[in-house]
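For reference, the structure discussed in these notes is given below.
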Amino acid sequence: MKLDHLAVAAESLEIGRAWVEERLGLRLQTGGSHAHFGTHNLLMGLEDGLYLEVIAIDPVAEAPACPRWFDLDRFSGAPRLNNWICQVDDLAGLAAQYPEAGRPVALSRGDLRWQMAVPEDGALPYDNLFPALIEWAGSAHPSARLVPSGARLERLVVSHPQAAALEGALRDVLDDRRVVFEPGVAGLRAEIATPTGVWVLG
């Protein structure tokens, strides 16, 4: 399991765009649509093969027959860093090991193909702070198609009242010094180094 990307949820893409660009001083790039869940996104390339995603419900898309991923059906308020997504090589095996992470769903956007574990109600464990699990098909990955932004993730702080239990659940499968677990109010905080300094998304 390795860190793949970070997701900022917003009530609309334009609200999310303004929130991220104001905080980082960098421009987001066009993403695309996810017909299966009725969502769309904007993207920003980060160093080390990571990327940042702003995701929102697509107001012109047909409503899905299932709850949307990232618990977006219940999202409201100001944009926030809502989820962290980890890439795995054997999603079926990890989903069996962590059934609460959801069942694998086959998805696509353009020529990109992947599977993601999505819980039946759309909400991940630990108040959505358990990482969403993704397995990409083939070598295609969004980060390789993005213009470099000059930004780099320095640290991702996962805060939760049960932080020790969450860290323990992932100890055998995740080894990334950038990911830090702290007891406290549930939430994520990403410290991102940019050409103008280190800024925080939370």
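Note: hydrogens, waters and symmetry copies are ignored here, and every other heavy atom, side chains too, is used.
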What's the spacing between [X] [atom1] and [Y] [atom2] if we round to 0.5 Å?
X	Y	atom1	atom2	answer
Arg80	Arg189	CZ	CZ	16.0 Å
Arg68	Arg74	CZ	CZ	12.0 Å
Arg27	Ser149	CZ	OG	13.0 Å
Thr30	Asn41	OG1	CG	9.5 Å
Ile134	Met116	CD1	CE	3.5 Å
Glu154	Thr194	CD	OG1	10.5 Å

Please indicate whether Arg155 has more than 12 foreign heavy atoms, meaning atoms of other residues, nucleotides or ligands, lying under 6.0 Å from its CZ. yes
Could you report the tightest heavy-atom contact between [X] and [Y], atom names first, then the distance?
X	Y	answer
Ala101	Leu124	O-CD2, 3.7 Å
Pro131	Met1	CG-SD, 4.3 Å
Trp19	Gly202	CH2-O, 3.3 Å
Leu26	Pro195	CD2-CD, 4.4 Å
Val157	Glu191	CG2-OE2, 4.4 Å
Ala163	Pro183	CB-N, 3.7 Å

Is the backbone of [Y] close enough, under 3.5 Å, to the side chain of [X] for a donor and an acceptor to pair up by distance?
X	Y	result
Glu135	Leu91	yes
His160	Gln162	yes
Gln29	Leu146	no
Asn82	Ala7	no
Ser159	Val185	yes
Glu21	Leu28	yes
Tyr51	His141	no
Asp127	Leu129	no
Glu62	Gly38	no
Ser33	His40	no

Check whether any side-chain heavy atom of [X] sits under 4.5 Å from a side-chain heavy atom of [Y], and report yes or no.
X	Y	result
His36	Ser108	no
Val180	Val158	no
Leu50	Arg178	yes
Pro79	Arg17	no
Leu43	Glu53	yes
Ile55	Asn83	no
Leu153	Asp48	no
Val54	Leu13	yes

In terms of ring plane angle, is the pair Trp69 and Phe37 parallel, tilted or perpendicular, where the classes change at 30° and 60°?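 Because their plane-to-plane angle is under 30°, the rings of Trp69 and Phe37 count as parallel.
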side-chain contact (heavy atoms from CB on, under 4.5 Å) evaluation trace for Asp58 with Thr39: CA-CA 5 Å; Asp58 186 344; Thr39 59; 5.6 Å; no
With side-chain contact (heavy atoms from CB on, under 4.5 Å) as the test, would you mind laying out the steps for Trp114 and Leu107 before giving the verdict? CA-CA 5 Å; Trp114 72 97; Leu107 299 163; 3.5 Å; yes
Take Trp84 and Val179 through the test side-chain contact (heavy atoms from CB on, under 4.5 Å) and record every step on the way to the result. CA-CA 10 Å; Trp84 56 303; Val179 181; 4.0 Å; yes
Is [Y] reachable from [X] through a run of I, L, V, M, F, W or Y residues, each pair having side-chain heavy atoms under 4.5 Å apart?
X	Y	result
Phe75	Leu52	no
Leu72	Leu188	no
Leu24	Leu156	yes
Leu46	Leu81	yes
Leu94	Tyr126	yes

So Phe70 and Asn128, side-chain contact (heavy atoms from CB on, under 4.5 Å) or not? Walk me through it. CA-CA 7 Å; Phe70 301 134; Asn128 280 313; over 6 Å; no
